[in-house]
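Note that these values count all heavy atoms, side chains included, but never hydrogens, waters or copies made by symmetry. Chain A is the first sequence line, chain B the second, and so forth, proteins listed ahead of strands; every chain is numbered from 1.
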There are 2 protein chains.
Amino acid sequence: MTASSRPEHPRLRRTAGDRRAQLVQIGLELLPTTPVQELTIDEVARQAGISRSLLFHYFANKREYYTAVTRAAADLMWEHLMPSPGTPPEEQVEGMLDRYVGWVETFRETHLAFVRGAAGGDPWVAEVYQETRDRLVEVALTTLGLPDDALRRQLVLAWLAFAEELVGQWAAEPTMTRPELLALLRDVLARLTTR
Amino acid sequence: MTASSRPEHPRLRRTAGDRRAQLVQIGLELLPTTPVQELTIDEVARQAGISRSLLFHYFANKREYYTAVTRAAADLMWEHLMPSPGTPPEEQVEGMLDRYVGWVETFRETHLAFVRGAAGGDPWVAEVYQETRDRLVEVALTTLGLPDDALRRQLVLAWLAFAEELVGQWAAEPTMTRPELLALLRDVLARLTTR
DNA sequence: GTAGCTTGTTGAGCGTTGCTCAGCAAGCCG
DNA sequence: CGGCTTGCTGAGCAACGCTCAACAAGCTAC
């Protein structure tokens with residue numbers, strides 16, 4: 001095949017920022033089909049239309065690459081969850097819960113892949129997700145007007161795990177109405193933090 | 001080094017069962033230090049004093065090996081949690097909770113590594129753990145005398161995630177007494193399943 | 001325009017890891 | 001001793017992460 005020896009794209013040169021963003025974007029698109037850590041450099045480079053070597057020009061090693069992808073995924077969710085400025089504090093947790101359920105409903109596969117990748121194996125990836133969870137706990141405690149002690153933090157973290165699991169299951173097989181789900185999550189959180 | 005060319009153990013021949021058990025055992029011992037999926041065949045074979053090839057005589061591929069290791073870990077926990085026969089039903093959940101906390105207290109690192117490996121990436125490993133969780137949910141529902149419908153199952157599964165996270169955190173930084181922890185877990189489960 | 005610089009980009013190649021396969025040899029039977 | 005079963009090995013391949021020297025695209029300066 002002589003055609004393959006003459007590349008269709010005649011060598012396109014991008015700025016460093018563009019290329020980095022493109023590579024991370026490709027990683028994000030591959031997330032639902034592949035556990036982060038199993039992304040192969042070959043595959044990513046192929047989809048980007050570049051050589052393997054170039055990826056190592058932007059990321060020192062594979063781990064640095066997929067933690068960047070994980071961080072991008074975490075940031076996407078975080079931005080979606082954050083309340084629009086000006087929302088009164090007592091409505092903020094309510095709204096975030098609602099948006100979280102919506103997020104899982106829309107991106108179930110991707111989100112599950114993200115959570116799994118974050119929970120599993122690699123400490124570097126786990127840390128990225130833990131940061132997001134810590135930030136969520138902090139927002140929850142402050143907007144609920146609760147003191148930020150170790151006990152409450154543990155309870156809210158555990159409640160997060162509860163919510164994640166329940167919403168994930170519910171999205172796959174709705175066993176109650178959406179408002180019921182939201183009310184249940186809110187109730188459990190309230191009971192846990194105000195005992 | 002001519003010494004290395006003359007092996008100290010002059011070629012020991014084991015039965016198939018022995019060898020399999022030994023290899024799984026080595027995997028179990030490596031669990032706390034290494035995510036299951038990152039166990040290298042080389043390392044395991046080296047510790048067993050055999051060639052890489054032999055491992056593939058017993059396990060078709062790497063995945064089959066580390067799912068076997070994961071299943072062994074799950075079985076160990078399951079056997080530890082199961083109530084001794086003859087225990088009255090109303091005490092069974094109580095006892096299992098107590099033993100679960102004890103299990104995490106004793107094997108915190110290994111157990112966390114196991115849960116993480118099970119949650120993370122590989123679907124085959126995840127399935128092994130999900131089986132254990134499903135069995136736990138079933139035991140919980142039957143001994144509590146509750147109907148086994150989809151809703152309750154989801155709630156108990158989510159509660160398991162809650163308990164896992166809370167106990168894990170608590171073992172690292174005890175924010176309450178052990179009886180308080182047990183009571184809290186029992187309360188949350190009761191409130192969830194009887195609403 | 002062309003010389004020269006910066007820097008995005010590549011290809012060849014190395015070490016490790018998962019996996020295969022042909023065949024050796026330990027221990028048992030006749 | 002010969003032959004059989006089967007635990008076991010070593011050489012070797014393909015895929016992967018990663019390195020390195022060098023090419024070349026596109027800008028600026030004269």
Side-chain angles (χ1 to χ4, degrees), chain A residues 4-27 30 33-70 117 121-125, chain B residues 1-2 4-27 30 33-70 117 121-125:
Chain A
S4 67
S5 64
R6 195 189 340 149
E8 307 193 7
H9 310 283
R11 174 79 89 93
L12 184 62
R13 205 184 153 104
R14 297 205 186 194
T15 66
D18 273 7
R19 190 60 87 188
R20 245 191 102 97
Q22 180 206 18
L23 292 174
V24 168
Q25 182 59 35
I26 288 175
L30 290 178
T33 60
T34 324
V36 222
Q37 326 165 26
E38 285 174 26
L39 294 176
T40 75
I41 301 290
D42 249 6
E43 178 65 11
V44 176
R46 207 183 52 72
Q47 292 216 15
I50 60 171
S51 65
R52 266 152 291 151
S53 321
L54 189 55
L55 200 145
F56 289 104
H57 181 69
Y58 292 103
F59 303 92
N61 47 47
K62 189 188 177 181
R63 197 183 53 209
E64 198 172 283
Y65 170 65
Y66 65 60
T67 50
V69 172
T70 305
D122 195 321
W124 298 76
V125 178
Chain B
M1 287 202 287
T2 50
S4 67
S5 63
R6 193 186 347 143
E8 307 193 7
H9 310 284
R11 176 78 91 92
L12 186 61
R13 207 182 151 106
R14 297 205 187 196
T15 68
D18 273 7
R19 190 60 89 186
R20 245 190 102 97
Q22 180 205 20
L23 292 174
V24 169
Q25 182 60 35
I26 287 176
L30 290 177
T33 61
T34 324
V36 219
Q37 326 166 22
E38 286 173 26
L39 294 176
T40 75
I41 301 290
D42 248 7
E43 178 64 13
V44 177
R46 206 182 52 73
Q47 291 216 16
I50 60 170
S51 65
R52 267 153 293 150
S53 321
L54 188 55
L55 201 145
F56 290 104
H57 182 68
Y58 293 102
F59 303 93
N61 47 47
K62 189 189 177 180
R63 199 183 52 208
E64 198 172 285
Y65 171 64
Y66 65 60
T67 50
V69 172
T70 305
D122 195 322
W124 297 76
V125 178

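Residues satisfying the side chain to side chain contact (heavy atoms under 4.5 Å, CB included) criterion with Q37(A), sequence neighbours excluded, are Y66(A), D122(A), E38(B). By the side chain to side chain contact (heavy atoms under 4.5 Å, CB included) test, E43(A) is found to be paired with L30(A), T40(A), R46(A), Q47(A), residues two or more places apart in sequence or in another chain being considered. Every ring pair (Phe, Tyr, Trp, His ring centres under 6.0 Å) that F59(B) has, sequence neighbours left out, goes to Y65(B). The side chain to side chain contact (heavy atoms under 4.5 Å, CB included) check on R14(A) picks up L12(A), D18(A), R19(A), Q22(A), with sequence neighbours excluded.
When rounded to the nearest whole Å, the span between CD1 of I50(B) and P of dC24(C) equals 21 Å. As rounded to whole Å, 16 Å separates atom C1' of dG26(D) from atom CZ of R14(A). Atom pair R13(B):CZ and dC24(C):C1' shows a separation of 11 Å (rounding to whole Å applied).
Of the residues in residues 51-64 of chain A, those lying under 4.0 Å from DNA chain C by heavy-atom distance are S51(A), R52(A), S53(A), L54(A), H57(A), Y58(A). Within residues 35-45 of chain B, the residues that place at least one heavy atom under 4.0 Å from DNA chain C are, in residue-number order, L39(B), T40(B), I41(B), D42(B).
For dT7(C), neither phosphate oxygen OP1 nor OP2 lies less than 4.0 angstrom from any side-chain nitrogen or oxygen of R19(A).
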Report, one line per pair, each donor and acceptor closer than 3.5 Å where one atom sits in a side chain of residues 49-57 of chain B; sequence neighbours left out.
from, atom 1, to, atom 2, distance (Å)
R52(B), NE, D42(B), OD1, 2.9

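Closest approach of A48(B) to L23(B), counting heavy atoms only: CB-CD2, 3.8 Å.
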List every contact pair, protein side and nucleotides 28-30 of chain C side both N or O, where the distance is under 3.5 Å.
none

